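Note that this is a predicted model, so its numbers are computed, not measured.
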Amino acid sequence: MPSENKINRCSFCGNHKDVVKKLIVGDDVAICSDCIDLCTQLIIEDNTITDIIETEKNNVQFDAMVIKDYLDIHVIGQDAAKRVLSVAIANHYKRITYPPTDLEMQKSNILLIGPTGSGKTLLAKTVAKYLHVPFIVADATSLTEAGYVGDDVESMVSMLLNAAGGDVKLAERGIVFIDEIDKIARKGESTNITRDVSGEGVQQALLKLVEGTTCRISAAGGRKHPNGEMIEVNTKNILFIAGGAFVKLDDIVKSRIKGTTMGFGAELNTIGSHSMMTLATPDDLMRYGMIPEFIGRFTTTVALEDLTRDELYRVLTEIKNNYIKQYEYLFSLDQVILTFDDAALYLMVDNCLKLKTGARGLHTELERTLIPHMFHVKQYQKNKITKLRITEEMAISPTVQTMAS
């Protein structure tokens, strides 16, 4: 016959039945409601990543053509780059979702090369959205070697873990986008006696991380503390995508091509400067200042080109969640219908082309044009101005409407 102590107390936590909500008693054991809640939560957490992976297997297709079709909805142009990126993404997630039992497959991280505003960050963000995996953007210029003022490279893994809601297994399937990677190039090809803690030193620090290693991250976030609780995150399945404008890289490519096409200057002249990035080789990147070991970790290189005038216009008007629709929605909240003349839109596009700001500059152009109207939008509503048409003249010199329409 069970003892009185076992009947009146939880066999797991030892709490007396008087201090818990409910005590369920069996033949020889008892369990309280608190322990039942804890066990239920542990089972839910353990199944979370399994459910996510099963959902991915059932709903997300690791098909390069499907991924490219999804990118086409959100990103204008860059057709060749999207093809290469789609194949790389499909292969990476096939490898980690269906790992081979008798074969070790190496990870292939991705390097995006292209001018500012060409869509590097947007491509990476859109891929993460398609895959339903956590995604973070880290700025390479803020990274330093461990022990120096600034963020060490492991801070990126900590950010990814936070984006995954603390779920380690989900974070280990995520994507880290390292922006401005060209800014950590070596300052020169010769060795310098001074420490380059934000250049070559960061490249060296990134090597093990992007290849695959176990990081010990502070459970509380922020910097590590000797007595703080630590969480281990393995980076071998985390996809690292690095992006950079690599200004003047095209000059290095031109120099190489000119040297190998001596006497064929006409052939060199037929190559547009916008396409030089697509001809960049690992040797060109090393001459730029990236160390060989770093380039070796980013085996898939995707070159993006400057967007054309028509492509920038389509960015404004066609892609999903485009800027025009966003501002139309904002004005509709105040019962004002916003429209644009094509001439006004092309003026904004031409300004971006002149300033070489790419698609990112379109947002700035729209803000410049619409700020006076957004400031007075409540007055428009009071004066019964229900339609606002942005003409080319208004895009050149924004003017506030004064008459009802």
Side-chain angles (χ1 to χ4, degrees), residues 1-62 92-105 107 125 127-136 154-176 209 212-239:
M1 186 172 180
S3 65
E4 185 71 9
N5 183 54
K6 286 185 178 179
I7 294 173
N8 290 333
R9 291 182 179 275
C10 175
S11 304
F12 297 88
C13 66
N15 284 337
H16 194 274
K17 65 178 183 180
D18 293 339
V19 298
V20 296
K21 186 184 290 185
K22 182 130 347 223
L23 187 72
I24 301 173
V25 181
D27 290 338
D28 298 310
V29 294
I31 184 169
C32 69
S33 54
D34 292 344
C35 288
I36 291 173
D37 290 340
L38 177 61
C39 291
T40 301
Q41 187 61 35
L42 288 172
I43 292 170
I44 291 172
E45 290 177 356
D46 190 54
N47 287 337
T48 298
I49 186 64
T50 302
D51 292 340
I52 290 171
I53 293 173
E54 286 303 315
T55 299
E56 288 180 352
K57 287 181 179 179
N58 294 332
N59 299 328
V60 176
Q61 299 181 56
F62 303 126
H92 175 77
Y93 280 92
K94 282 178 186 176
R95 179 181 69 84
I96 67 175
T97 305
Y98 310 101
T101 56
D102 57 348
L103 182 67
E104 184 176 347
M105 299 183 68
K107 179 168 64 166
K125 188 182 296 185
V127 161
K129 184 178 179 181
Y130 171 80
L131 295 165
H132 306 295
V133 295
F135 171 82
I136 62 111
E154 290 187 355
S155 64
M156 297 187 296
V157 182
S158 180
M159 291 165 59
L160 188 65
L161 184 60
N162 289 335
D167 189 326
V168 174
K169 291 183 179 179
L170 183 58
E172 289 176 344
R173 296 172 58 84
I175 297 176
V176 173
L209 191 73
T213 188
T214 299
C215 295
R216 300 186 75 242
I217 306 299
S218 171
R223 293 188 176 274
K224 297 178 182 178
H225 190 278
N227 300 322
E229 182 185 352
M230 307 299 288
I231 298 174
E232 291 191 346
V233 179
N234 194 318
T235 67
K236 70 176 182 178
N237 289 332
I238 295 175
L239 181 64

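- One finds the CZ atom of R173 at 4.0 Å from the OG1 atom of T97 (value rounded to the nearest 0.5 Å).
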Any chance you could lay out the side chain to side chain contact (heavy atoms under 4.5 Å, CB included) test for I36 and I24, step after step, and finish with the verdict? CA-CA 10 Å; I36 291 173; I24 301 173; 3.5 Å; yes

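- Here H92 contributes atom NE2 and R95 contributes atom CZ; the two are 5.5 Å apart, rounded to the nearest 0.5 Å.
- The SG atom of C10 lies 14.5 Å from the NZ atom of K22; values are rounded to the nearest 0.5 Å.
- Residues satisfying the side chain to side chain contact (heavy atoms under 4.5 Å, CB included) test with K17, not counting sequence neighbours, are N8, L23.
- Every residue meeting the side chain to side chain contact (heavy atoms under 4.5 Å, CB included) condition with E232, not counting sequence neighbours, appears here in chain and number order: T214, R216.
- Between I238 atom CD1 and I96 atom CD1 the span is 9.5 Å, to the nearest 0.5 Å.
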Test side chain to side chain contact (heavy atoms under 4.5 Å, CB included) on V233 and L160 and set out the steps. CA-CA 10 Å; V233 179; L160 188 65; over 6 Å; no

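- Side chain of K236 to backbone of K107: no donor-acceptor contact under 3.5 angstrom is found.
- Taking every heavy atom of both residues into account, P134 and A164 meet most closely at CG-CB, 3.9 Å.
- In the displayed structure, K125 atom NZ is contacted under 6.0 Å by at most 12 heavy atoms of other residues, nucleotides or ligands.
- In this structure, A163 and I136 approach most closely via the heavy-atom pair CB-CG2, 3.7 Å.
- Distance alone, capped at 3.5 Å, is enough to place a donor-acceptor pair between the E172 side chain and the N234 backbone.
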Would you check, one step at a time, whether the test side chain to side chain contact (heavy atoms under 4.5 Å, CB included) holds for Y93 with V133? CA-CA 11 Å; Y93 280 92; V133 295; 3.8 Å; yes

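- Between F62 and Y98, the ring planes are perpendicular. Angles over 60° get that label, and only those under 30° would be called parallel.
- How far CD1 of I31 is from CZ of F12: 4.5 Å, rounded to the nearest 0.5 Å.
- Between the S11 side chain and the A30 main chain, a donor and an acceptor come within less than 3.5 Å of each other.
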